[in-house]
There are 2 protein chains.
Amino acid sequence: MSDLAAALDVVGSRWALLIVERLLDGPQRYSDLQRDLGMGTNMLATRLRELEAAGVLRRLPLRHNTRAYALTDRGRALRDAIEALGRWAAEQNVAAHTRDETPREPG
Amino acid sequence: MSDLAAALDVVGSRWALLIVERLLDGPQRYSDLQRDLGMGTNMLATRLRELEAAGVLRRLPLRHNTRAYALTDRGRALRDAIEALGRWAAEQNVAAHTRDETPREPG
DNA sequence: CGTCATACTTCCAAAATGAAAGTACTGCCG
DNA sequence: CGGCAGTACTTTCATTTTGGAAGTATGACG
């Protein structure tokens with residue numbers, strides 16, 4: 001399995017990278033993540049469990065029934081990849097305005 | 001929608017980035033992609049259609065019933081993101097190995 | 001005891017994914 | 001000409017993942 005396939009095995013599922021991106025701004029609580037990302041609570045719980053098991057984030061107990069989710073070093077190391085993907089999407093918009101790359105049919 | 005979400009909308013589905021990674025080595029034929037990636041032919045056809053529609057790759061007619069798939073400029077621009085993800089996964093392995101080996105100062 | 005707030009779990013439908021078989025086109029052999 | 005083989009898909013159907021909505025668990029507060 002290539003490195004890329006290994007990475008996608010961990011953060012390739014839906015919402016995973018978006019959760020990590022949110023946590024790059026600092027620890028967040030469950031309900032805040034759910035509201036900010038606009039995702040279902042069942043999916044969020046599943047992803048948080050997977051990402052914690054993968055060592056990307058960890059739970060921080062705050063108060064009695066409140067906790068925060070914070071990135072580990074491994075999670076923070078995803079910043080480069082997340083920013084690269086974000087730059088790519090931003091470039092697409094720019095390219096659509098400045099350049100037309102329509103392939104030509106040979107016939 | 002954030003830049004990251006926009007990027008994942010295009011290349012966030014299963015196999016999409018793996019296909020692009022393979023094409024970074026140069027144009028490939030359908031059957032070669034299928035064999036090298038080990039993915040089903042229905043999924044490959046679906047992904048290639050989507051990625052072509054998104055302007056990430058294009059079809060190059062070769063022979064009578066043979067064609068190649070090649071990255072566009074937009075597709076090649078994904079190299080940074082793909083390499084960043086690959087480096088992240090590789091770092092994970094290094095960390096797992098160095099945990100019970102003699103720690104050495106890097107460079 | 002009941003109410004509120006937070007963090008989930010459960011249930012079920014819809015969509016995506018995957019394996020296997022089938023289709024369409026065309027060059028080649030006889 | 002007809003059948004066989006190679007390439008690029010499509011179709012069918014089962015499995016897995018995702019998503020929406022409602023339900024559960026826990027503990028502070030009164």
Side-chain angles (χ1 to χ4, degrees), chain A residues 1-2 4-23 26-54 56-71 75 103 105-107, chain B residues 1-2 4-23 26-54 56-71 75:
Chain A
M1 184 156 67
S2 72
L4 177 60
L8 294 179
D9 239 38
V10 177
V11 293
S13 55
R14 204 165 186 125
W15 297 108
L17 278 183
L18 291 167
I19 291 170
V20 174
E21 183 191 32
R22 216 57 176 156
L23 295 182
Q28 307 283 331
R29 291 182 313 161
Y30 188 94
S31 51
D32 291 335
L33 282 172
Q34 194 197 336
R35 193 170 343 94
D36 291 349
L37 295 174
M39 64 185 294
T41 173
N42 51 351
M43 277 292 98
L44 179 56
T46 301
R47 288 291 165 271
L48 290 175
R49 222 182 297 127
E50 292 167 354
L51 290 172
E52 186 185 21
V56 171
L57 55 82
R58 65 200 163 109
R59 288 171 159 83
L60 296 179
L62 291 187
R63 302 251 159 235
H64 65 288
N65 50 358
T66 304
R67 61 200 68 167
Y69 291 88
L71 292 181
E105 290 290 328
Chain B
M1 183 157 69
S2 72
L4 177 60
L8 294 178
D9 238 39
V10 177
V11 293
S13 54
R14 213 173 198 111
W15 297 109
L17 277 183
L18 291 167
I19 291 170
V20 174
E21 182 192 35
R22 202 82 192 88
L23 294 182
Q28 308 282 331
R29 291 181 315 163
Y30 187 95
S31 50
D32 291 335
L33 282 173
Q34 196 198 335
R35 189 168 359 86
D36 292 348
L37 296 174
M39 63 186 293
T41 172
N42 50 350
M43 278 291 97
L44 180 56
T46 300
R47 288 291 165 272
L48 291 175
R49 222 181 296 126
E50 292 167 354
L51 291 172
E52 187 185 21
V56 171
L57 54 81
R58 63 198 166 116
R59 289 170 159 83
L60 297 179
L62 291 187
R63 302 240 160 239
H64 64 290
N65 48 359
T66 303
R67 64 198 66 169
Y69 291 87
L71 293 180

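Inter-residue side-chain proximity for B:L57 and B:V20 is flagged as unmet; no heavy-atom pair is nearer than 4.5 Å.
Per the geometry, CG belonging to A:L48 stands 14 Å off P belonging to D:dT18, to the nearest Å. If you measure from atom CG of A:L60 to atom P of C:dA7, you get 12 Å, rounded to the nearest angstrom. Rounded to whole Å, the distance from CG on B:N42 to C1' on C:dG22 is 13 Å. Taking atom OH on B:Y30 and atom P on C:dC25, their separation rounds to 17 Å, with Å as the unit. The distance between atom CZ of A:R59 and atom P of C:dT6, rounded to the nearest whole Å, is 17 Å.
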Which atom pairs link the protein and nucleotides 12-17 of chain C when you take only N or O atoms and keep those under 3.5 Å?
| from | atom 1 | to | atom 2 | distance (Å) |
| --- | --- | --- | --- | --- |
| C:dT17 | OP1 | B:R14 | N | 3.3 |
| C:dT17 | OP1 | B:R47 | NH2 | 3.1 |
| C:dT17 | OP2 | B:R47 | NH2 | 2.1 |

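In terms of heavy atoms, B:A70 sits closest to B:L60 at CB-CD1, 3.7 Å. When all heavy atoms are compared, the tightest approach of B:L51 to B:A16 is CD1-O, 4.1 Å.
For A:R59, the side chain to side chain contact (heavy atoms under 4.5 Å, CB included) partners are A:E52, A:R67, A:Y69, not counting sequence neighbours. The side chain to side chain contact (heavy atoms under 4.5 Å, CB included) check on A:R63 picks up A:T66, with sequence neighbours excluded.
A close approach under 4.0 Å does not occur between any side-chain nitrogen or oxygen of B:R63 and OP1 or OP2 of C:dG27.
To the nearest 0.5 angstrom, A:E21 atom CD is 11.5 Å from A:I19 atom CD1. Between the CG atom in B:D9 and the CG atom in B:L4 there is a gap of 10.5 Å [rounded to 0.5 Å]. Residue B:R29 holds its CZ atom at 7.5 Å from CZ of B:R35, rounded to the nearest 0.5 Å. Taken to the nearest 0.5 Å, the OG atom of B:S2 stands 10.5 Å off from the CG atom of A:L17. From A:L18, atom CG reaches atom CE of B:M1 across 9.5 Å, with rounding to the nearest 0.5 Å.
Near DNA chain D, defined here as any heavy-atom distance below 4.0 Å, there are no residues from residues 31-40 of chain A.
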inquiry  = Using a 4.0 Å heavy-atom cut-off to protein, can you give one letter per nucleotide of nucleotides 24-30 of chain D, 5' to 3': B if the base is in contact, S if only the sugar-phosphate is, - if neither?
reply    = --BSS--
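Looking at heavy-atom distances under 4.0 Å, A:T66 makes contact with sugar-phosphate atoms alone, never a base.
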Please list, one pair per line, the donor and acceptor atoms closer than 3.5 Å that link side chains of residues 37-49 of chain B to other protein atoms, with sequence neighbours excluded.
| from | atom 1 | to | atom 2 | distance (Å) |
| --- | --- | --- | --- | --- |
| B:T41 | OG1 | B:Y30 | OH | 2.5 |
| B:T46 | OG1 | B:N42 | O | 3.0 |
| B:R47 | NE | B:S13 | OG | 3.2 |
| B:R47 | NE | B:R14 | O | 2.7 |
| B:R47 | NH1 | B:E50 | OE1 | 2.8 |
| B:R47 | NH1 | B:E50 | OE2 | 3.3 |

